[in-house]
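Worksheet for the structure shown next.
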Amino acid sequence: MPESAAPVLESLPRRPLGGLPVIAASPGQAVDAVINSARTELSNGAAVHLINAYSIALSQRDRAFQQSLSGTAHNFPDGKPLSWVTRATRQPLTQVRGPPVLPGRHGQGGENRVSGTSSSGGSEELLVKLQQNLEARFPGVEIVGTYSPPFRSLSEAELDAQDELILRSGADIVWVGLGTPKQDHEVRRLADSLHVTACAVGAAFDFTAGTKREAPKWMTRVGLEWTFRLISEPRRLWKRYLIGNFVFLAAIIRNH
């Protein structure tokens with residue numbers, strides 16, 4: 001697809017899933033839409049979320065989180081279960097994973113400037129590795145700023161200082177890796193207050209930086225990525241996957 005014809009986020013079709021609007025698009029369309037929207041919609045901003053079964057499960061009991069993923073939010077299905085439960089419908093979903101979306105096509109000419117913010121395992125060391133790996137894999141990419149906020153709620157003064165850094169950087173896209181649901185609230189705030197394109201990418205920071213291992217491709221292909229992550233971090237993730245998956249399925253049935 002020619003770059004001039006690349007879709008913007010608003011043009012992509014959506015379908016309801018578990019009470020949330022989810023975009024039906026290929027990974028390539030998702031990348032094109034995020035980049036193109038960053039170039040053409042800075043006056044309005046865009047809040048982009050990569051959601052999975054846990055996101056839908058959490059939204060069932062967290063009204064504020066549900067609101068962040070509703071309305072003008074752009075939700076891509078980052079999770080095989082979202083594809084599975086829609087496979088037999090007229091509008092099936094295709095998985096759009098965070099790690100490929102994060103670098104996107106920024107290496108093609110270095111036309112986009114990217115600013116990242118993280119506190120999920122979010123040390124300055126992680127952000128340095130993230131920047132180094134992106135620049136090595138995508139020659140020409142321009143990372144104009146990184147920021148590792150403290151692991152707590154920021155004061156108004158700290159938020160203002162962070163926002164000023166983002167605006168001064170001139171970034172086209174702000175990538176946010178703070179963990180769910182914190183990152184989703186943050187991209188919504190950034191889109192609404194700074195009118196930028198902000199994208200919540202979850203563990204993609206860690207995977208791209210090399211601080212966490214990704215599941216083997218065959219496990220991702222057959223939908224067992226969650227199993228690999230559960231085995232890698234059982235104490236942190238067991239509730240998310242073992243309980244969250246049942247809540248997810250209940251939400252799908254209830255909202256069918």
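As a basis for the values below, the full set of heavy atoms in this structure was taken, side chains included, without hydrogen atoms, waters or symmetry mates. For this chain, numbers begin at 1 and follow the sequence in order.
Residues I23 and L12 form a side-chain contact, since some pair of their non-hydrogen atoms from C-beta on lies under 4.5 Å apart. The closest side-chain heavy-atom distance from H49 to L20 is not below 4.5 Å. The shortest side-chain heavy-atom distance between Y147 and L127 does not fall under the 4.5 Å cut-off. With a 4.5 Å cut-off on side-chain heavy atoms, V22 and P16 do not count as touching. At least one side-chain heavy atom of R236 sits under 4.5 Å from a side-chain heavy atom of R229. Side-chain contact check for R15 versus T89: some heavy-atom pair is nearer than 4.5 Å. Residues Y54 and V247 have side chains not in contact (no heavy-atom distance under 4.5 Å, counting atoms from C-beta outward). In this structure, L17 and L82 have side chains that are in contact, with non-hydrogen atoms separated by less than 4.5 Å.
No donor-acceptor contact under 3.5 angstrom links the side chains of T208 and N133, judged on distance only. There is no side-chain donor-acceptor pair under 3.5 Å between R14 and Q91. Donor-acceptor pairing under 3.5 Å is recorded for the side chains of E135 and Q131.
Here CG of L167 is found 10.5 Å from CD of Q162. Values are rounded to the nearest 0.5 Å. Separating the CZ atom in F205 from the CG atom in L130 is a distance of 5.5 Å, to the nearest 0.5 Å. Rounding to the nearest 0.5 Å places CG of L230 at 9.5 Å from CG of N245. Atom CG of residue N52 and atom CD of residue E225 lie 9.5 Å apart, to the nearest 0.5 angstrom.
L69 and V96 fall into different hydrophobic clusters, where Ile, Leu, Val, Met, Phe, Trp and Tyr residues are linked whenever their side-chain heavy atoms come under 4.5 Å apart, directly or through other members. Hydrophobic clustering (ILVMFWY, side-chain heavy atoms < 4.5 Å, transitive): F207 and V176 are in distinct clusters.
Residues A198 and L190 approach most closely at CB-CB, 4.1 Å, considering heavy atoms. Of all non-hydrogen atoms in A24 and P92, the two that sit nearest each other are CB-O, 4.0 Å. Of all the heavy atoms in L178 and P149, the pair that sits closest is CD2-CG, 4.1 Å. In plain terms, the two heavy atoms of R213 and F228 that are nearest each other are O-CE2, 3.5 Å. Contact record, C199 with V187: C-CG1, 3.8 Å, taken as the closest heavy-atom pair. Pairing each heavy atom of A57 with each of G244, the nearest pair is CB-O, 3.4 Å.
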Full working for side-chain hydrogen bond (donor to acceptor under 3.5 Å, both in side chains) between D206 and T211: CA-CA 5 Å; D206 295 287; T211 56; 3.1 Å; yes
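One N or O on the side chain of S11 and one on the backbone of V8 form a donor-acceptor pair closer than 3.5 Å.
At most 12 non-hydrogen atoms from other residues, nucleotides or ligands lie less than 6.0 angstrom from CZ of R61.
Ring planes of Y241 and W226: tilted class, angle from 30 to 60°.
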